[in-house]
Asks: 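My questions will all concern the structure given below.
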Amino acid sequence: MDYFFPNIPVISYEGPNSRNPFAFRFYNPDEVILGKTMKEHLRFSMAYWHTLCATGTDPFGRGTAIRPYEESASNDPMELAKIKMRAGFELMQKLQIPYFCFHDCDVAPEGNSLAEFSRNLDEMADLAEELMTQTGIKLLWGTANLFSHPRYVHGAATSCSADVFAYAAAQVKKALELTVRLKGENYVFWGGREGYETLLNTDFSLELDNLARFLSLAADYADKIGFKGQLLIEPKPKEPTKHQYDFDVAGVLGFLQKYGLEGRFKLNIEANHATLAGHTFQHELAMARINNALGSIDANQGDLLLGWDTDQFPTNIYETTLCMLEVLKQGGIAPGGLNFDAKVRRGSFTPEDLFLGHIAGMDGFARGLRIAAALITDKVFDEFIEKRYQSFQIGIGASIVNGEATLESLAVHAHTLDEIKLESGRQEYLETLLNLYI
Ligand code: XLS
Ligand code: CA
Ligand code: CA
């Protein structure tokens, strides 16, 4: 498979001193770190939509992307879809990316009816199966796009129209079937337009109930067709709607609990969505992890000077380190992975940039993994944290933790205290240690 990107070699590890732009400096797929290969730890995935479908348009200008391999397509949208898919597999193979993720309409043209869309999807799934067998590349997750088409202007599962609710259900049904057929390890629900612009026209309560009904129907159907992977909800606080219902991890966990759906869904955490919600990426990952809900990761980064979802390739080593620290604490991200929900900038318009963007992200996370592994091995923060909370291991603290304490027993204890002794939190020192490893 060497046809669409003839000037690009297979990207391999050359070490930190290499100045070859088409090489990894930190990602060495078969190198073992803490008992697992880097490939097993990182489970990288290509996002079909950004890499194969994005053209570089923005609200002020047309697409800029130059994709010479698309020029050979006639006016047949299926032929173009097949070229994109073949190009995608060549790209993943050359980058040693073992997984991909797609929305239904990324891989197949929607045509003029659901039936036509469904036929196109089946035909594209034939090609995907063939290329997956040839290359060993696997599907990390599938999903349905319930936000681009004008029918979803008022939402999908939370639309004011029951017909739209049904149409969205049909799309999810098909996308789940495709995911099962392609042995996808996860299925993602990102609430694209599930949210509101103004409460002046919104039945807030019905919309939330309907969202829960929709998710529950989808989970039942996934069980029915034998889907064994993880169902994942991807939180995002805003954009496209002013207020998205799946605002952040805490909000989604509360929602799932309210509707009795906890345990059926885990979360797909995206870095850029975390910061849009006013949290750090690490906060969202940790919140999901301690609630046994960290399923998978959309590995990108935003720009803190901009208030929107810029979906950039992740190159901030602080962020990748703290992310991998959470992943290692959980014992790994599988069956989830690190999906590059990231697009090259509008000014990075050549096919080479698609490779350079992924190399930047893969090396960014490989370096984060190496640093996080050293932090874990040396117990840099663990011992400090354990000591900080040691008052809960004995005496009154132990009685609080084991449930024996009452408000009365606590008051009796408090009255015996002349002076409470506290220790410094040493934040600056701990940040210095972190910097030492980075
Ligand atoms: C958009 C989301 C989207 C999901 C998949 O902001 O990140 O791309 O990951 O629908
Ligand atoms: Ca995402
Ligand atoms: Ca995003």
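Just so you know, ligand 1 is whichever comes first in the structure, and atom 1 is the first atom listed for that ligand.
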Asks: Could you check if a side-chain atom of F281 sits within less than 4.5 angstrom of a side-chain atom of I297, using non-hydrogen atoms only?
Replies: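 SC-SC contact between F281 and I297 confirmed.
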Asks: Salt-bridged, E31 to R370, with N to O below 4.0 Å?
Replies: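 Yes, E31 and R370 are salt-bridged.
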Asks: Does D341 bring an N, O or S atom to within less than 3.0 Å of the Ca ion (ligand 3)?
Replies: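 Checking the Ca ion (ligand 3) against D341, no N, O or S atom falls under 3.0 Å.
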Asks: Starting from atom 9 (O) of ligand 1, locate the nearest protein heavy atom and write down its residue, its atom name and how far away it is, to 0.1 Å.
Replies: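 Its nearest protein heavy-atom neighbour is E234 OE1, 2.7 Å.
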Asks: Does ligand 1 have a heavy atom under 4.0 Å from the side chain of V188, from its backbone, from both, or from neither?
Replies: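 Neither part.
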Asks: Taking the six-membered ring for Trp and the single ring otherwise, decide whether the centroids of Y48 and H103 are under 6.0 Å apart.
Replies: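 For Y48 and H103, the ring centres are not under 6.0 Å apart.
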Asks: Restricting to N, O or S atoms, which atom of E234 is closest to the Ca ion (ligand 2)?
Replies: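 Of the nitrogen, oxygen and sulfur atoms in E234, the Ca ion (ligand 2) lies nearest to OE2.
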Asks: Is any side-chain N of the basic residue among E197 and K242 closer than 4.0 Å to the acidic one's carboxylate O?
Replies: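 No, this pair does not count.
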Asks: Indicate, as side chain, backbone, both or neither, the part of D309 found under 4.0 angstrom from ligand 1 when only non-hydrogen atoms are considered.
Replies: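 Just the side chain.
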Asks: Among the N/O/S atoms of D311, select the one at the shortest distance from the Ca ion (ligand 3) and name it.
Replies: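 Nearest N/O/S atom of D311: OD1.
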Asks: Relative to each other, are the rings of H273 and W190 parallel, tilted or perpendicular (30° and 60° limits)?
Replies: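 Ring orientation of H273 relative to W190: tilted.
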Asks: What N, O or S atom of D309 is found closest to the Ca ion (ligand 3)?
Replies: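 Within D309, restricted to N, O or S, the Ca ion (ligand 3) is closest to atom OD2.
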Asks: May I ask you to say whether D303 pairs ionically with R345, meaning some side-chain N is under 4.0 Å from a carboxylate O?
Replies: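 No, this pair does not count.
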Asks: Out of all atoms in ligand 1, which are within 4.0 Å of some heavy atom of K236? Include the element for each.
Replies: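 Those atoms are 1 (C), 6 (O).
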Asks: Out of Q244, H103, E239, who is nearest to atom 5 (C) of ligand 1 when you count heavy atoms only?
Replies: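 Comparing heavy atoms across Q244, H103, E239, the nearest one to atom 5 (C) of ligand 1 lies in H103.
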Asks: Considering the heavy atoms of W49, write down every atom of ligand 1 situated less than 4.0 Å from one of them.
Replies: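 The atoms of ligand 1 under 4.0 Å from a heavy atom of W49 are 8 (O).
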Asks: Of all N, O or S atoms in H273, identify the one at the shortest distance from the Ca ion (ligand 3).
Replies: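 Sorting the N, O and S atoms of H273 by distance to the Ca ion (ligand 3) puts NE2 first.
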Asks: To the nearest 0.5 Å, what is the distance between OG1 (T310) and NZ (K343)?
Replies: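 NZ of K343 is found 7.5 Å from OG1 of T310.
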Asks: Is the shortest side-chain N to carboxylate O distance from R193 to E239 below 4.0 Å?
Replies: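 Result for this pair is no, no salt bridge flagged.
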Asks: How long is the gap from CZ on F204 to CG on D209, to the nearest 0.5 Å?
Replies: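 Interatomic distance, F204 CZ to D209 CG, rounded to 0.5 Å: 11.5 Å.
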Asks: Which residue owns the protein heavy atom closest to atom 8 (O) of ligand 1, what's the atom, and how far is it?
Replies: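 For this ligand atom, the closest protein heavy atom is D341 OD2, 3.1 Å.
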Asks: Suppose we only allow N, O or S atoms; which atom of E270 ends up nearest to the Ca ion (ligand 2)?
Replies: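 Of all N, O or S atoms in E270, the Ca ion (ligand 2) lies closest to OE1.
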Asks: Near E270, which atoms of ligand 1 are under 4.0 Å from a heavy atom of that residue?
Replies: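 Listed by number with element, the hits are 7 (O).
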Asks: Are the aromatic ring centres of Y245 and F255 under 6.0 angstrom apart?
Replies: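 No.
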Asks: Starting from atom 3 (C) of ligand 1, what is the nearest protein heavy atom, named by residue and atom, and what distance separates them?
Replies: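 Protein heavy atom at minimum distance: W190 CE3, 3.6 Å.
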Asks: For this output row, return yes or no: ring centroids of F365 and F26 closer than 6.0 angstrom.
Replies: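 So the answer is no for these two rings.
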Asks: Could you list which atoms of ligand 1 come closer than 4.0 Å to a heavy atom of D298?
Replies: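 Here the atoms of ligand 1 in question are 9 (O).
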Asks: Could you tell me which N, O or S atom of D298 is nearest to the Ca ion (ligand 2)?
Replies: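 For D298, the N, O or S atom at the smallest distance from the Ca ion (ligand 2) is OD2.
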